[in-house]
Each structure stands twice: as C-alpha cells, then as structure tokens.
Participant: 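Quick one: structure below, then a few questions.
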2 protein chains.
Amino acid sequence: MDVLEVLAEPARRRIVDALLTREASVSDLVSALGMSQPAISKHLRVLREAGVVTARAQAQQRIYRLEPGPFRELDAWLSPYRKLWNLHLDALEEHLRQGEEP
Amino acid sequence: MDVLEVLAEPARRRIVDALLTREASVSDLVSALGMSQPAISKHLRVLREAGVVTARAQAQQRIYRLEPGPFRELDAWLSPYRKLWNLHLDALEEHLRQGEEP
DNA sequence: CGGTTATATACCTGTCAAGGCATGTTACGG
DNA sequence: CCGTAACATGCCTTGACAGGTATATAACCG
C-alpha cells in the first residue's frame with residue numbers, strides 16, 4: 001500500500017492534519033508548519049500523486065483539499081487486523097494453551 | 001505515530017501479513033519471504049520495539065506473534081479522517097438534489 | 001564438553017529521500 | 001508590457017536505513 005509510505009513522513013502527517021479542519025493554500029501551510037515553501041510544495045506533490053490531496057487554482061493560489069479515497073484504502077488494509085483485538089483478550093490465550101494449530 | 005513509519009516498509013508489511021494467519025519462527029519467515037535471516041531479524045527487531053510483535057522462546061527458536069495494540073493505535077489515528085467519506089457523501093447527495101450546473 | 005541449530009549483532013556499502021537555496025513558471029495588477 | 005505574488009522545480013548535500021556478509025550468542029544433542 002502506497003498510502004502508508006506517503007503518510008509515514010511526519011511532515012506530511014502534519015500537513016494532512018492541518019487539512020483535516022479546512023482546506024488551505026500553500027502559503028497557509030508554510031506559515032502553519034514553519035517550513036520552507038519548497039519543502040511544503042514537494043510534500044504536497046507527493047501527497048497529490050498519491051491521491052491524498054487535490055488542488056484547485058484560485059487566482060495565483062493553489063487551494064489544497066483532502067480526498068477520502070486513500071484513507072478508505074488504509075481503512076481497508078487495516079481491516080483484516082481488526083480481528084486481532086477481538087481474538088486477543090479471551091480466545092487466544094486458551095487457544096495457545098490447548099495447542100491445536102499444526 | 002510511530003506505527004505508520006514502521007509499517008511503511010514493504011518487507012515489514014509482508015512479515016506482518018504472514019503473521020496474520022499464524023505465528024511463526026524466524027526461519028519460517030526467512031523461507032516465507034525469501035530474504036536473508038539477518039534482514040528478517042532486523043525487521044523483527046524494529047517491529048518488536050514498536051510493539052507490533054512479541055516473541056517467546058521455544059527451544060532455540062523464537063516464535064513471533066502479532067500484538068493488537070499498534071493496530072488499534074492506527075485505527076484511532078485514522079478515526080478523525082473517517083468523517084471525510086461521510087462529508088463526501090453528504091456533499092454529493094446535496095449536490096445531486098439541487099442538480100445545478102453552471 | 002564439542003558440535004550443531006537458531007537467532008541476534010557488527011560492520012560495511014549503496015540507495016534514496018528530505019530539506020535548503022536558487023531559479024523557472026504562471027497568473028494578476030498597474 | 002512589466003513587475004510581482006504564489007508555487008513549482010532543479011540541483012546539491014546530508015543523514016537514515018535496508019540488505020548483505022561475517023561473526024557473536026544461546027540453547028540443544030551426542
């Protein structure tokens with residue numbers, strides 16, 4: 001899953017977090033995150049190519065917004081692992097104690 | 001969130017995926033993933049320090065098992081973003097109901 | 001004990017990506 | 001047009017990290 005690698009980067013998670021409440025221009029994010037503008041733009045490019053964000057032009061500004069798709073993908077990837085915290089508490093320990101898995 | 005960075009690595013995701021169905025020893029994973037044993041051990045170390053897996057000793061073997069905690073964390077981190085695909089559907093619905101095209 | 005199996009660690013190397021600076025690009029404003 | 005504002009891109013350096021080989025450690029077997 002590519003989304004995981006994209007969101008692994010801390011700066012990118014801060015951007016995504018900032019975009020959660022409202023969409024923002026590049027300079028908004030620059031002043032919000034205290035990073036250089038090229039750095040922000042590069043991260044936005046990565047996020048854009050992964051489909052995490054989309055941009056629309058408004059005057060000379062580019063307004064970036066979150067897209068739900070990749071987060072749904074991540075949710076879907078996580079899905080099989082949810083059985084872990086159902087299984088874990090009661091069943092697994094007894095299961096191991098009886099040892100019935102060849 | 002540290003878990004994201006740990007699970008961003010493809011080889012580590014393959015390990016985690018292999019451990020989803022059943023626990024496994026190091027050599028099991030070596031033959032399953034076709035990587036060198038030291039490489040597997042290093043990934044397991046990273047996963048262990050992140051709390052994604054735990055190991056128990058059985059003879060000379062170390063049996064590795066998934067732990068639910070980090071996956072719950074990931075699920076919790078993802079939670080605020082779930083509103084995205086609710087908002088998306090709401091906006092779409094209203095947009096369809098108004099049926100406007102400039 | 002000595003040898004063997006199973007895993008961990010040390011060390012080295014190549015790769016890749018993040019971040020800074022400088023510069024290109026594009027759309028407005030006068 | 002020309003200058004400027006808002007972003008994007010190119011180039012460069014540096015640091016982290018993955019993977020391999022060689023070696024240490026630990027438990028088991030004879």
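Letters A, B, ... are given to chains in the order of the sequence lines, protein chains preceding strands, and every chain is numbered from 1.
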Participant: Taking the side chain of Lys42(A) as its heavy atoms from C-beta onward, which of dG20(C), dC11(C), dA6(D) lies nearest to it?
Facilitator: dG20(C)
Participant: For DNA chain C, whose closest nucleotide is more 5', that of Ala59(A) or that of Ala11(A)?
Facilitator: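 Comparing both residues, the 5'-ward one is Ala11(A).
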Participant: Using OP1 and OP2 only, check whether a side-chain N or O of Arg62(A) sits under 4.0 Å from dA27(C).
Facilitator: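 So the side-chain polar atoms of Arg62(A) never come under 4.0 Å of the phosphate oxygens OP1 or OP2 of dA27(C).
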Participant: Does OP1 or OP2 of dT9(C) have a side-chain N or O of Ser41(B) closer than 4.0 Å?
Facilitator: no
Participant: Roughly, in whole Å, what's the span from CG in Leu29(A) to P in dC7(D)?
Facilitator: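 Spelled out: CG on Leu29(A) to P on dC7(D) is 9 Å.
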Participant: Starting at the 5' end of DNA chain D and moving along, which residue's nearest nucleotide shows up first, Ile63(A) or Met35(B)?
Facilitator: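 Checking each residue's closest nucleotide, the 5'-ward one belongs to Ile63(A).
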Participant: Under 4.0 Å from OP1 or OP2 of dT7(C): is there any side-chain N or O of Arg45(B) that close?
Facilitator: no
Participant: Tell me which one of Arg56(A), Arg48(A), Glu23(A) satisfies side chain to side chain contact (heavy atoms under 4.5 Å, CB included) with Tyr64(A).
Facilitator: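 Option passing the side chain to side chain contact (heavy atoms under 4.5 Å, CB included) with Tyr64(A): Arg48(A).
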Participant: Can you tell which of dG19(D), dG20(C), dA6(D) lies closest to the side chain of Ala39(A)?
Facilitator: dG20(C)
Participant: For the pair made of CD1 in Ile40(B) and C1' in dA18(D), what is the distance, rounded to whole Å?
Facilitator: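 Those two atoms, CD1 and C1', are 12 Å apart.
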Participant: Under 4.0 Å between a side-chain nitrogen and a carboxylate oxygen: does that hold for Glu49(B) and Arg45(B)?
Facilitator: yes
Participant: Give a yes/no answer on whether the side chain of Ser36(A) brings an N or O atom under 4.0 Å of OP1 or OP2 in dG20(C).
Facilitator: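 Answer is yes, contact under 4.0 Å.
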Participant: For His43(A) and dA17(C), is the shortest distance between a side-chain N/O and OP1 or OP2 below 4.0 Å?
Facilitator: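 Answer no for this pair, as no side-chain N or O of His43(A) is under 4.0 Å from OP1 or OP2.
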Participant: What integer distance in Å separates Leu47(B):CG from dT7(C):P?
Facilitator: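 The answer, rounded to whole Å, is 16 Å.
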Participant: Using a 4.5 Å cut-off on heavy atoms from C-beta on, say whether the side chain of Arg82(A) contacts that of Asp75(A).
Facilitator: yes
Participant: NA contact type, Gln37(B), heavy-atom cut-off 4.0 Å: base, sugar-phosphate, or nothing?
Facilitator: base
Participant: Within the structure, does a side-chain N or O atom of Tyr64(B) lie under 4.0 Å from either OP1 or OP2 of dA6(C)?
Facilitator: no
Participant: Between Ser25(A) and dC7(D), is there a side-chain N or O to OP1/OP2 distance below 4.0 Å?
Facilitator: yes
Participant: Given side chains that start at C-beta, do those of Arg12(B) and Leu44(B) come closer than 4.5 Å, heavy atoms only?
Facilitator: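 The answer is no, as the side chains (C-beta and beyond) never meet within the 4.5 Å cut-off.
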Participant: Starting from P on dT5(C), measure out to CD on Gln58(B) and report it in whole angstrom.
Facilitator: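 For the pair Gln58(B) CD and dT5(C) P, the rounded distance is 18 Å.
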Participant: Write down the distance between CG (Asp28(A)) and C1' (dA5(D)), rounded to a whole number of angstrom.
Facilitator: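 Atom-to-atom, Asp28(A) to dA5(D), this comes out as 14 Å.
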Participant: Between dA17(C) atom P and Glu5(A) atom CD, what is the distance in whole Å?
Facilitator: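 Rounding to the nearest Å, CD of Glu5(A) and P of dA17(C) are 9 Å apart.
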Participant: Quick one: Arg13(A) CZ to dA18(C) P, roughly how many Å, whole number?
Facilitator: 12 Å
Participant: How many Å lie between CD on Gln60(B) and C1' on dA27(D), as a whole number?
Facilitator: 5 Å
Participant: Can a salt bridge be assigned to the pair Asp28(A) and Arg22(A) using a cut-off of 4.0 Å between side-chain N and carboxylate O?
Facilitator: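 Arg22(A) and Asp28(A): not salt-bridged.
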